[in-house]
Amino acid sequence: MAMPKYITDIDKIKGIPKAEKEKLKKITEKYVFRVNDYYLSLIDWNDPNDPIRKLVIPNEGELAEYGRWDASDEDTNYVVAGCQHKYGTTALLIVSEVCGAYCRYCFRKRLFRNDVKEAMSDVNPGIEYISKTPEINNVLLTGGDSLILATKKLQQIIERLRSIEHVKIIRLGSKMPVFNPMRIYEDEHLLQVIRQYSTPEKRIYVMAHINHPREITPQARKGFKALHDAGAIVVNQTPVLKGINDDPNVLAELLDRLSWAGVTPYYFFINRPVAGNNDFVLTLEEAYNIVEKAKARTSGLGKRVRLSMSHTSGKIEILAIENGKAYLKYHQSRDNQYGKFMILDCPKHAAWFDDLPGHEEHWQKPTKQLETAVSANELIMEKELENALANNK
């Protein structure tokens with residue numbers, strides 16, 4: 001298999017001037033850096049605002065004080081080590097802490113720290129929990145990236161899940177269809193596993209993360225075709241990101257090119273308020289207007305996408321923002337409030353549900369389901385405080 005070369009040292013990126021590399025080293029000391037030469041080849045190095053560059057090359061805005069490491073309090077979703085169960089029918093197995101490259105906007109960048117251990121190579125506790133919980137009918141393998149796993153390891157997990165009668169859908173969360181499409185179409189073993197376990201009664205879904213139409217290269221389309229031919233269903237989700245895809249024409253092109261390739265547009269997400277993400281933030285009103293203008297330019301197939309916030313309390317769909325009001329609905333709810341409709345004041349600066357006056361009347365902060373689950377927010381805050389005290393001595 002022709003594997004791209006992975007790069008974790010910013011000094012080895014030829015397109016970045018030396019003076020800029022020195023500035024970026026401070027960022028890579030705090031937030032991990034990883035990319036591959038295939039994805040780097042998509043960057044126009046003559047354009048300082050190139051969206052592909054912004055997706056994976058660090059920016060100085062990452063050091064601005066902003067957000068939390070775990071903006072959706074995922075530590076409260078763990079039921080056993082490595083397994084989250086937030087919504088009734090869906091479980092998450094955190095199977096990897098590595099990706100084909102690291103998106104600078106990543107909402108789980110905490111996983112790439114040495115002091116945070118949420119991904120589990122041992123999935124036995126999670127699979128055992130799923131087997132004993134019949135309401136779970138679909139399982140998402142995520143991380144990190146599920147397709148970064150060796151195919152043999154992935155096969156073992158899929159085989160065990162397929163032995164559980166009530167698990168009907170297996171989802172593979174991955175950006176490999178665009179980070180490294182060769183991982184898919186050149187790995188016959190992977191395609192055989194999908195052929196075997198994605199059946200007319202019980203499908204395997206690939207939850208792709210494609211942020212910009214320029215990521216949909218001939219290689220990516222070849223990967224989509226290989227997945228389709230093997231029997232997988234491919235859908236796409238992306239946050240709407242300032243400086244990357246915050247243009248109605250760009251988003252409309254993304255919706256069209258996904259639909260043309262047989263990839264279902266699934267979610268547009270509001271960027272979570274995660275540490276390091278300051279430069280990517282749009283207000284709710286900005287994101288809503290961009291998405292609506294994009295949808296006006298595409299077919300009904302493109303319009304299937306939903307604009308949502310993955311909040312601590314659930315997935316909150318943005319139905320409309322008009323005349324200073326946000327019209328919202330719980331598309332998923334951890335407290336069984338699916339479908340709950342809300343009308344809240346929407347200040348111009350609001351960029352997240354918690355920025356809306358009166359939001360606290362509609363949800364309660366959850367408690368941990370697993371007492372031993374470590375809060376990345378608390379852990380990292382304690383470490384940063386210790387470091388600050390040590391530096392002041």
Side-chain angles (χ1 to χ4, degrees), residues 74 77-100 108 111 118-177 179-181 183-185 187-210 223-237 262-264 266-267 310 315 332:
E74 289 195 292
N77 301 334
Y78 283 101
V79 286
V80 295
C83 178
Q84 296 183 22
H85 188 196
K86 182 175 181 178
Y87 307 126
T89 59
T90 304
L92 273 64
L93 288 175
I94 310 295
V95 297
S96 169
E97 55 190 19
V98 181
C99 291
R108 283 205 188 114
L111 296 188
E118 294 183 35
M120 291 290 153
S121 56
D122 179 10
V123 296
N124 288 323
I127 291 179
E128 187 175 342
Y129 172 85
I130 291 164
S131 71
K132 294 177 179 177
T133 313
E135 69 175 320
I136 296 171
N137 61 28
N138 71 98
V139 177
L140 170 62
L141 307 185
T142 185
D145 196 307
S146 64
L147 290 181
I148 205 81
L149 292 178
T151 300
K152 186 176 180 181
K153 173 72 172 175
L154 194 61
Q155 179 179 5
Q156 290 169 351
I157 297 171
I158 291 172
E159 282 177 348
R160 292 192 60 192
L161 290 172
R162 273 290 174 254
S163 72
I164 303 171
E165 177 57 32
H166 56 263
V167 174
K168 308 301 183 184
I169 290 173
I170 297 171
R171 307 192 213 181
L172 306 177
S174 181
K175 196 171 166 70
M176 295 300 267
F179 269 160
N180 178 7
R183 159 73 181 104
I184 295 165
Y185 65 74
D187 187 350
E188 183 52 40
H189 184 191
L190 172 67
L191 298 174
Q192 180 54 44
V193 169
I194 293 173
R195 272 192 289 271
Q196 183 174 354
Y197 293 108
S198 186
T199 67
E201 299 82 20
K202 296 183 176 183
R203 285 292 178 198
I204 289 175
Y205 280 68
V206 175
M207 319 302 287
H209 299 261
I210 304 165
F224 299 154
K225 183 179 186 302
L227 290 168
H228 290 148
D229 290 349
I233 308 294
V234 187
V235 304
N236 188 64
Q237 53 195 36
V263 177
T264 302
Y266 182 46
Y267 280 123
S310 281
K315 282 193 175 72
Q332 285 274 32

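For reference, positions follow the sequence shown, starting with 1.
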Engineer: Indicate the atoms forming the closest heavy-atom contact of His166 with Ile136, along with that distance.
Structural biologist: CD2-O, 2.9 Å
Engineer: State whether the side chain of Arg171 and the backbone N or O of Val139 hold a donor-acceptor pair below 3.5 Å, judged by distance alone.
Structural biologist: no
Engineer: Only one of Ile170, Ile169, Val167 passes side-chain contact (heavy atoms from CB on, under 4.5 Å) with Asn138; say which it is.
Structural biologist: Ile169
Engineer: Check step by step if side-chain contact (heavy atoms from CB on, under 4.5 Å) holds for Val98 and Leu149.
Structural biologist: CA-CA 9 Å; Val98 181; Leu149 292 178; over 6 Å; no
Engineer: Under a 3.5 Å distance rule, please check whether Lys175 uses its side chain to pair with a backbone N or O of His209 as donor and acceptor.
Structural biologist: yes
Engineer: List for me each residue that meets ring pair (Phe, Tyr, Trp, His ring centres under 6.0 Å) alongside His85, sequence neighbours excluded, and say none if there are none.
Structural biologist: Tyr129
Engineer: With a 4.5 Å heavy-atom cut-off, do Val234 and Pro177 have their side chains touching?
Structural biologist: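 Not in contact.
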Engineer: Do Ser146 side-chain atoms and Gly173 backbone N/O form a donor-acceptor pair below 3.5 Å?
Structural biologist: yes
Engineer: Once rounded to the nearest 0.5 Å, what's the spacing between atom CG of Leu147 and atom CG of Leu227?
Structural biologist: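 Going from CG on Leu147 over to CG on Leu227, the span is 7.5 Å.
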Engineer: Determine whether a donor-acceptor pair (N or O, by modelled atom type, separation under 3.5 Å) exists between the side chain of Arg108 and the backbone of Gly143.
Structural biologist: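 Side chain of Arg108 to backbone of Gly143, a donor-acceptor pair under 3.5 Å: yes, one is there.
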Engineer: Could you tell me whether the side chain of Asp145 and the main chain of Ser96 form a donor-acceptor pair under 3.5 Å?
Structural biologist: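 The answer is no, because no donor-acceptor pair under 3.5 Å joins these two groups.
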Engineer: When rounded to the nearest 0.5 angstrom, what distance separates NZ in Lys168 from CG in Asn137?
Structural biologist: 8.0 Å
Engineer: Any chance the side chains of Gln196 and Gln192 put a donor and an acceptor closer than 3.5 Å?
Structural biologist: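 There is no such pair between these side chains.
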Engineer: For the CG atom of Leu190 and the NZ atom of Lys152, what is their distance to the nearest 0.5 Å?
Structural biologist: 15.5 Å
Engineer: Could you check Met207 against Val235 for side-chain contact (heavy atoms from CB on, under 4.5 Å), going step by step and ending with a plain yes or no?
Structural biologist: CA-CA 5 Å; Met207 319 302 287; Val235 304; 3.5 Å; yes
Engineer: Run the side-chain contact (heavy atoms from CB on, under 4.5 Å) test on Val193 and Ile158 for me, step by step, so that the C-alpha distance in whole Å, both residues' side-chain angles and the decisive distance to 0.1 Å come before the verdict.
Structural biologist: CA-CA 8 Å; Val193 169; Ile158 291 172; 4.0 Å; yes
Engineer: Is a side-chain donor or acceptor of Lys86 paired with a backbone partner of Glu74 at a separation under 3.5 angstrom?
Structural biologist: no
Engineer: Can you tell me how far the CD atom of Gln155 sits from the CD1 atom of Ile194, to the nearest 0.5 Å?
Structural biologist: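 It is 11.5 Å, given to the nearest 0.5 Å.
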Engineer: Answer whether the closest heavy-atom distance between the side chains of Ile130 and Leu93 falls below 4.5 Å.
Structural biologist: yes
Engineer: Between Tyr185 and Ala226, which heavy-atom pair has the shortest distance, and what is it?
Structural biologist: CB-CB, 3.9 Å
Engineer: Under 4.5 Å between any side-chain heavy atoms of Leu154 and Leu172, yes or no?
Structural biologist: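 Sidechains of Leu172 and Leu154: in contact.
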Engineer: Has Tyr205 got more than 12 heavy atoms of other residues, nucleotides or ligands less than 6.0 Å from its OH?
Structural biologist: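 Counting other residues, nucleotides and ligands, OH of Tyr205 stays at 12 neighbours or fewer.
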Engineer: How far does CD1 of Ile127 sit from CD1 of Ile164, to the nearest 0.5 angstrom?
Structural biologist: 6.5 Å
Engineer: State the CG-CD1 distance between Asn124 and Ile157, to the nearest 0.5 angstrom.
Structural biologist: 9.5 Å
Engineer: Can you pull out every side-chain hydrogen bond (donor to acceptor under 3.5 Å, both in side chains) where at least one residue sits in residues 227-237? Sequence neighbours excluded, please.
Structural biologist: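 Found Lys225-Asp229.
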Engineer: Grab the two heavy atoms, one from Cys83 and one from Gly126, that are nearest each other, plus how far apart they are.
Structural biologist: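 Closest approach of Cys83 to Gly126, heavy atoms only: CB-CA, 3.7 Å.
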Engineer: So Ile148 and Phe179, do their side chains get closer than 4.5 Å, heavy atoms only?
Structural biologist: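 The answer is no, as the side chains (C-beta and beyond) never meet within the 4.5 Å cut-off.
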Engineer: Does this structure show an ion pair linking Glu165 with Lys202, if we count only N-O contacts that are shorter than 4.0 Å?
Structural biologist: yes
Engineer: Looking just at side-chain N and O atoms, do Arg183 and Ser174 make a donor-acceptor pair shorter than 3.5 Å?
Structural biologist: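 The criterion, which ignores hydrogens and geometry beyond distance, is not satisfied for Ser174 and Arg183.
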Engineer: Please check if the side chain of Ser198 supplies one atom and the backbone of Ile204 the other of a donor-acceptor pair under 3.5 Å.
Structural biologist: yes
Engineer: Less than 4.5 Å apart, any side-chain heavy atom of Leu161 and any of Leu141?
Structural biologist: yes
